Enquirer: 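I'd like to ask you about the structure that follows.
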Amino acid sequence: MAPADIQTTPIAFHRYAVRHAKAGSIGSEFQSLPQYRAASAEDMAHKAIRMEVAEFADYFFRIPSQANLEARPHWDSGTFNALLEGHNLLEAEISEHFIRIVNELNLAPGLKLASSPDKPDMEDMDESRQKPDAAFFKSHMVPSDGRPSWADQIVSVEFKRHETDMDPFDDRDEENVDASALERKKVRGQLIGYAEHIFRVQQRVALFMLLVIGRNFRVIRWDRSGAIVTRAVDYVAQPHILCKLLWQLSLQTEEGLGMDPSTTRLFVHDEDHKLMDAFAEEVDTDLATEEGVVTTVDLQADPLIFKYVRLAFRCSLTPNWPHYRVHVPSDGGQRSFLIGKPLFHARGMSGRGTRGYVALDCKTKRFVWLKDAWRVHYESVDQEGATLEQLNQKSVPYVPTLVCHGDILEQVTETPHYWELKNPSRPILTPIPPFSGLSSSQTLTTPRTPSSKGRKRRISEVQEHEEQLRSFTTVAFREDCPLRKHTHYRIVVNEVAMPLSEFQYGRQLISIVMDCVRAHWKATADAQIIHRDISGGNILIYPKVIFMPKSKKYKIKWTGLLTDWELSKPTYEKEPFVWPRQPPRTGTWQYLSVALLSSDKPIEIPDELESFMHVILYHSVRYLKSNCNDVASYIERFFDAHTVDDNVYTCGLAKLAAVKLYGRLEIKDKLPLKFDSPLDDLFKRLLSSFHAHYVVQDFLERQAQAAKTTLRSTSPSPSKPVSNWAPPVEDDDEDEDDELAKSSDTPEPEVPDDKPTPDMERRAACVSSHQGMFGALKTAFKALKWRIDDKEGDRVSPAHNPLFPVGPPQKAAPATCKRRKTVSMIEFHSCHPAAIPRLHHSL
């Protein structure tokens, strides 16, 4: 049957990627900048809130009590008279006049406005080569080369002509701030792209942006939940509004302007900067990465460092990317780490915004992996570090080793809070303890652990910001709030691992996945924790030095590492799902089971085991020799595609047919996919088992439905009052039909007649437990027909033309999508990092 309505993956764009980073799908790997901006605008649809300018200034740019009011810049009604004809001027003319006036009158003391409309930043700063119009900089850090200088921007500025289609927001609709016209969405996507990149480069909590549209201006505040946008104001007719706002803006501290106070920017003269450069230098005693026997001489260094780890750290120290010292909660205090450019970054402005760094531990002088993210704020959900702590305590193998973790300075996204203030009806409050005075540690919150839910509170200028920060004394969750609240969080682990795509041959791929299946098994069995996001991006390669007792030698072995436990959940939780605990379905679209892509069921062990199979299949098809000639198209159809039924995303037809309907892999009709290796028998065995699993599950569901139908038909009806119109029937009123009525009082349930055979039940049982899955993998691993030259490299051609280009339809975005309510935590990405640097990240 011809595939009906197959489309690309419903990209949520929580991950930003270029060709060498984690990609959203095959389509997104070949995505142009205009496509990406359009998709970003779609992803951020309905995440903006309108605010009046005066309220915005008083809320975010409050005048400090110690401010010298006499030093306020002078302005009058004619301040912007040079722009009286602003509605007729070109963008460049508007920019020139505006920048000159602001700088000459010193309307933002301590800051200078500099333009950069023609030159992109250096390629190591921005591979997409974006060219924002201007930005405010500190007076002593104004760039002189006409480039954006993303690392130094304080407030971004964008200029547009005085035309309606240049305004990305709409003040006519009180409910919806986003403009829906295509050209206006393009502008919004452009602004989102600028904001996203600054969040990637700098260490920020929020970003303020000034948008000048001819004679009008808006101010936008971006955070990981959305944006707060002021109403458009004519600054030529009412210059005092803009001038006062710019002055108040200039009075704010770096923290007040959105910078993260838990970090310190490092410059070339700083000792920490010099220390990073020193540790990036090559060291002869570093261990080679490849598998093989090593001598005791190779193991004399302390600590042992693999070459790929130091290489990854060196690659992160690009000349223009800012270096930072960042702090992470640890044992009631804090630890410091030095970082450069992230080796992994999540895509998109809204969402977790995860960045991963190879970091240098200031205490131990060892390399570690540091993850910075804005975790989704759900009450009673353990932090990822707390989960790792439990796994480490239970000695679960092949998982990261926790160093430290914790929420950062009580930093939460402000946009949802303002939405709640603006929409006060029907609150559902989830209170947490209020501030209880100054903490002895006022910099970082204490990590939440399973044994202690207490958290130290930070109070910064409480008297100054008490009204603004009242959201922190009672954290509220509103079911009707369209914005998700996020909390800033960092976690550090010992292991710096490599992406799964770096496996060297097929047998090694199976070995690595076997390790992670064992980790998953021990986590569920010993720690009662289920991962809930098995994907190619969360199964990594971690080289280890292994002692071989028989030969009394040491060797380097590539082992698996199961990472990213932030979406995990205890297996013993049986209570029904209630917001805001956590959505029942999470995961990565490409690797989710057919069952999860087809229904709202909770994740169970068979679903995770099926995801392991999809990880093996994806990496086998993409990197190993096979009879599949058009690999990119196969991946798009099998992993990225979906079907749509009544605006609900469900499983793509290719995956549905292969796993549930037929239990076999085909390149096209009746042409089986072949690797000419033990993989063929492995996939045949697994697909046969998963097919049987779905047959058994469907039978059990029909049985349960039949039993429910019978129960409803035999349940007594509720008692009713006696009618005044007719007397109750007496015994002697019974007629000959009563016997038939009595015989139908208790009907037999209709049991489906297609009961699974014992063989099918046996095969289904093989993928209902870890033992069955592990046994299949072990059999394949021990097979004799493996070749060490079966990997061809990336078989997706750089010249591939995607079947389903990523990008939204050319029309206004719908208010929402049904799938978003149930899988909004899903990361839609194929998780293929690339080769430069080839060996990089963990967790």
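Since we're looking at a predicted model, the values are computed, not measured.
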Enquirer: When you compare the side chains of Ser40 and Asp43, does any donor N or O come within less than 3.5 Å of an acceptor on the partner?
Expert: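 No.
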Enquirer: With side-chain contact (heavy atoms from CB on, under 4.5 Å) as the test, would you mind laying out the steps for Phe683 and Ile616 before giving the verdict?
Expert: CA-CA 9 Å; Phe683 287 129; Ile616 298 172; 3.8 Å; yes
Enquirer: Is there a donor-acceptor pair closer than 3.5 Å between any side-chain N or O of His691 and the backbone N or O of Lys660?
Expert: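 Confirmed, His691 side chain pairs with Lys660 backbone.
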Enquirer: Start with the C-alpha gap between Leu391 and Ile529, add the side-chain angles, then the distance that decides, and say whether side-chain contact (heavy atoms from CB on, under 4.5 Å) holds.
Expert: CA-CA 8 Å; Leu391 296 175; Ile529 293 172; 4.1 Å; yes
Enquirer: Could you check whether any side-chain N or O of Lys655 sits under 3.5 Å from a backbone N or O of His642, counting only pairs where one atom can act as donor and the other as acceptor?
Expert: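 Such a contact is absent between Lys655 side chain and His642 backbone.
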Enquirer: Give a yes or no answer on whether the side chain of Asn627 reaches the backbone of Pro672 with a donor-acceptor pair at less than 3.5 Å.
Expert: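 Checking the backbone N and O of Pro672 against the side chain of Asn627, a donor-acceptor pair under 3.5 Å is found.
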Enquirer: Heavy-atom distance under 4.5 Å between the side chains of Thr779 and Arg685, does that happen here?
Expert: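 Yes; the side chains approach each other to less than 4.5 Å.
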Enquirer: Classify the ring geometry of Phe612 against His520: parallel below 30°, tilted from 30° to 60°, perpendicular beyond 60°.
Expert: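 Correct class here is perpendicular.
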Enquirer: Less than 4.5 Å apart, any side-chain heavy atom of Pro400 and any of Tyr542?
Expert: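 No, every pair of side-chain atoms sits at 4.5 Å or beyond.
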Enquirer: Nearest 0.5 Å, please: how far is CG in Leu596 from CD in Glu610?
Expert: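 That separation rounds to 8.0 Å.
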Enquirer: Can you classify the ring geometry of His693 versus Phe690 as parallel (below 30°), tilted (30 to 60°) or perpendicular (above 60°)?
Expert: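 Plane angle over 60°, so perpendicular.
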Enquirer: Short question: side chain of His531, backbone of Thr563 - any donor-acceptor pair under 3.5 Å?
Expert: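 Checked: pair present.
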Enquirer: Thr289 and Ile556: which non-hydrogen atoms are nearest, and at how many Å?
Expert: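 Taking every non-hydrogen atom into account, O-CG2, 4.0 Å.
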Enquirer: Testing the 3.5 Å rule here: is there a donor-acceptor pair between the side chains of Glu608 and His770?
Expert: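 Looking only at side-chain atoms, His770 and Glu608 do not form any donor-acceptor pair under 3.5 Å.
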Enquirer: Examine the side chains of Thr643 and Thr650 and answer whether a donor and an acceptor come within less than 3.5 Å of each other.
Expert: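 Yes, side-chain donor-acceptor contact under 3.5 Å.
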Enquirer: Where do Ser677 and Arg507 land on the side chain to side chain donor-acceptor pair (under 3.5 Å) test, with the steps shown first?
Expert: CA-CA 9 Å; Ser677 77; Arg507 189 169 184 261; over 6 Å; no
Enquirer: Just to verify, which of Lys668, Lys670, Arg664 counts as forming a salt bridge (Lys or Arg N to Asp or Glu O under 4.0 Å) with Glu666?
Expert: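 Option passing the salt bridge (Lys or Arg N to Asp or Glu O under 4.0 Å) with Glu666: Arg664.
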Enquirer: Got a salt bridge between Arg762 and Asp759, using NZ or NE/NH1/NH2 to carboxylate O under 4.0 Å?
Expert: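 Counted as a salt bridge, because a side-chain N and a carboxylate O are separated by less than 4.0 Å.
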Enquirer: Is it true that Arg532 and Asp607 make a salt bridge, defined as a side-chain N closer than 4.0 Å to a carboxylate O?
Expert: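 Looking at Asp607 together with Arg532, the answer is no, because their closest N to O distance does not fall below 4.0 Å.
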Enquirer: Step through the shown structure and confirm whether more than 12 heavy atoms of other residues, nucleotides or ligands are within 6.0 Å of NZ on Lys625.
Expert: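 Result for NZ/Lys625: enclosed.
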Enquirer: Mark yes or no: Lys791 above the aromatic ring of Tyr623, with NZ or CZ under 6.0 Å from the six-membered ring centre and no more than 45 degrees from the axis.
Expert: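 The answer is yes, since Lys791 meets both limits relative to Tyr623.
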Enquirer: Any sub-3.5 Å donor-acceptor pair from Asp515's side-chain atoms to Tyr398's backbone N or O?
Expert: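 No, the answer is negative, given that no donor and acceptor are paired below the 3.5 Å cut-off.
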Enquirer: Does Gln508 reach the main-chain N or O of Trp558 with its side chain, forming a donor-acceptor pair under 3.5 Å?
Expert: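 No.
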Enquirer: Does Leu509 reach the side chain of Leu500, with side-chain heavy atoms less than 4.5 Å apart?
Expert: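 When only atoms from C-beta onward are counted, Leu500 and Leu509 do touch, with a gap below 4.5 Å.
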Enquirer: Apply the test side-chain contact (heavy atoms from CB on, under 4.5 Å) to residues Lys674 and Leu679: give CA-CA distance (whole Å), side-chain angles for both, the deciding distance (0.1 Å), then the verdict.
Expert: CA-CA 8 Å; Lys674 292 291 186 180; Leu679 284 172; over 6 Å; no
Enquirer: If we ignore hydrogens and angles and just use 3.5 Å, is the side chain of Trp786 paired with the main-chain N or O of Ala780 as donor and acceptor?
Expert: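 Here the side-chain-to-backbone pair exists.
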Enquirer: For the residue pair Thr401 and Glu495, confirm or rule out a side-chain donor-acceptor distance under 3.5 Å.
Expert: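 Yes.
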Enquirer: Indicate yes or no for a side-chain donor-acceptor contact from Arg622 to the backbone of Arg795 under 3.5 Å, with no hydrogens or angles considered.
Expert: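 No.
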Enquirer: For Asp676, check side chain to side chain contact (heavy atoms under 4.5 Å, CB included) against everything at least two apart and list the hits.
Expert: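 For Asp676, no residue satisfies side chain to side chain contact (heavy atoms under 4.5 Å, CB included) once neighbours in sequence are set aside.
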Enquirer: Checking Ser689 now: which residues fulfil side chain to side chain contact (heavy atoms under 4.5 Å, CB included) with it, not counting sequence neighbours?
Expert: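 Result, side chain to side chain contact (heavy atoms under 4.5 Å, CB included) vs Ser689: Arg763, Cys766, Val767.
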Enquirer: Between the side chain of Asp564 and the main-chain N/O of Asp533, is any donor-acceptor distance below 3.5 Å?
Expert: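 Checking the backbone N and O of Asp533 against the side chain of Asp564, no donor-acceptor pair under 3.5 Å is found.
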Enquirer: With no hydrogens and no angle check, is any side-chain donor or acceptor of Asp382 less than 3.5 Å from a backbone partner on Glu566?
Expert: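 It does not hold such a pair.
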